[in-house]
Amino acid sequence: ALAQAMAEEFRRDLRADGLAPADLEMRVTRASERLIDAPAAVILCCSTTDMDAYPDTRRQEAERVMALQSVSLAGGQLLLAAHAHGLGACWMCGPLFAPLAVRTALKLPQDWEPQALILIGWPEVLPEPSIRRPQEDVTLWR
């Protein structure tokens, strides 16, 4: 149900982008198969229901960003835990583009905002570690 709901949203968006029908279907099929073939899928959601309420927009937005950062950190920890157990995991942002479809397909509470999808399974191959940019290229020391 989740793959189908997200595929419908993805297809609609790609059609609006003017993608050729064959390319559109190839991309939708590939995305759907990833989800369907994954042994486990975790949807990360954010809810601001229990967050502090502020009378001003600045602090209320900071509270929302803090909630989103917390969800992201939890997802990062899940990726690290999967790796530590020899599992492969992939973070996907599709739920950000189809939150209502995700919420409806999974019957999530109305206040849960889908943020990410993490697919988890046993990797067929272990890829070589990627080459990282040197620390001095991505760090600013003052």
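Both backbone and side-chain heavy atoms feed into the values below; hydrogens, waters and symmetry mates do not.
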Colleague: Counting neighbours of CD on Gln4 that are heavy atoms of other residues, nucleotides or ligands and sit closer than 6.0 Å, is the number greater than 12?
Modeller: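 Atom CD in Gln4 is not crowded, with 12 or fewer foreign heavy atoms closer than 6.0 Å.
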
Colleague: On a heavy-atom basis, which atom in Arg103 and which in Pro109 lie closest, and how many Å separate them?
Modeller: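 That would be CD-O, 3.5 Å.
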
Colleague: Compile the donor-acceptor pairs under 3.5 Å between side chains in residues 111-135 and protein atoms, sequence neighbours left out, one pair per line.
Modeller:
from, atom 1, to, atom 2, distance (Å)
Asp111, OD2, Ser47, OG, 2.5
Asp111, OD2, Thr49, OG1, 2.6
Glu113, OE1, Arg64, NH1, 3.0
Glu113, OE1, Arg64, NH2, 2.7
Glu113, OE2, Arg64, NH1, 3.1
Gln115, NE2, Glu113, O, 3.3

Colleague: Distance from Leu44 atom CG to Leu73 atom CG, nearest 0.5 Å?
Modeller: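 Between Leu44 CG and Leu73 CG, I get 11.0 Å after rounding to 0.5 Å.
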
Colleague: In this structure, are over 12 heavy atoms from other groups packed under 6.0 Å from Tyr54 atom OH?
Modeller: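 Yes, enclosed.
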
Colleague: Which heavy-atom pair separates Ala89 from Ala82 by the least distance, and what is that distance?
Modeller: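 Shortest heavy-atom separation between Ala89 and Ala82 comes out as CB-CB, 4.0 Å.
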
Colleague: So, taking the atom named CD in Glu63 and the one named CG in Leu68, what distance separates them when rounded to the nearest 0.5 Å?
Modeller: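 Glu63 CD to Leu68 CG: 11.0 Å, rounded to 0.5 Å.
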
Colleague: Any chance you could measure Thr104, atom OG1, to Leu2, atom CG, to the nearest 0.5 Å?
Modeller: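 Separation between the atoms: 11.0 Å.
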
Colleague: Would you say Leu78 and Trp91 make side-chain contact, with heavy atoms under 4.5 Å?
Modeller: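 No, every pair of side-chain atoms sits at 4.5 Å or beyond.
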
Colleague: Hydrophobic clustering (ILVMFWY, side-chain heavy atoms < 4.5 Å, transitive) - are Val42 and Leu87 grouped together?
Modeller: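 Linked, Leu87 and Val42 end up in one cluster.
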
Colleague: From Trp141 CH2 over to Glu136 CD, what is the distance, rounded to the nearest 0.5 angstrom?
Modeller: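 Atom-to-atom, Trp141:CH2 and Glu136:CD are 11.0 Å apart.
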
Colleague: Run the side chain to side chain donor-acceptor pair (under 3.5 Å) test against Arg15 and tell me which residues pass, sequence neighbours left out.
Modeller: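 None.
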
Colleague: Under 3.5 Å, which donor-acceptor pairs do the side chains of residues 27-35 form with other protein atoms, sequence neighbours left out?
Modeller:
from, atom 1, to, atom 2, distance (Å)
Thr29, OG1, Glu25, O, 2.8
Ser32, OG, Val28, O, 3.0

Colleague: Hey, quick one: are Leu106 and Met6 part of the same hydrophobic cluster, counting side-chain heavy atoms closer than 4.5 Å, chains of contacts allowed?
Modeller: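 Result: yes, single cluster for both.
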
Colleague: Quick one: closest heavy-atom pair of Ala67 and Met51, and the distance?
Modeller: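 That closest heavy-atom pairing would be CB-CE, 3.9 Å.
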
Colleague: At what distance, to the nearest 0.5 angstrom, does CD of Gln60 lie from OG1 of Thr48?
Modeller: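 Gln60 CD to Thr48 OG1: 7.5 Å, rounded to 0.5 Å.
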
Colleague: Please indicate whether Asp50 has more than 12 foreign heavy atoms, meaning atoms of other residues, nucleotides or ligands, lying under 6.0 Å from its CG.
Modeller: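 Incorrect, the count does not exceed 12.
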
Colleague: Looking at CG of Leu14 and CG of Leu24, how far apart are the two atoms once the value is rounded to the nearest 0.5 Å?
Modeller: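 Separation between the atoms: 5.0 Å.
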
Colleague: Mind listing the closest non-hydrogen atom pair of Ala3 and Ile36 along with its distance?
Modeller: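 Heavy-atom minimum between the residues: CB-CG1, 3.7 Å.
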
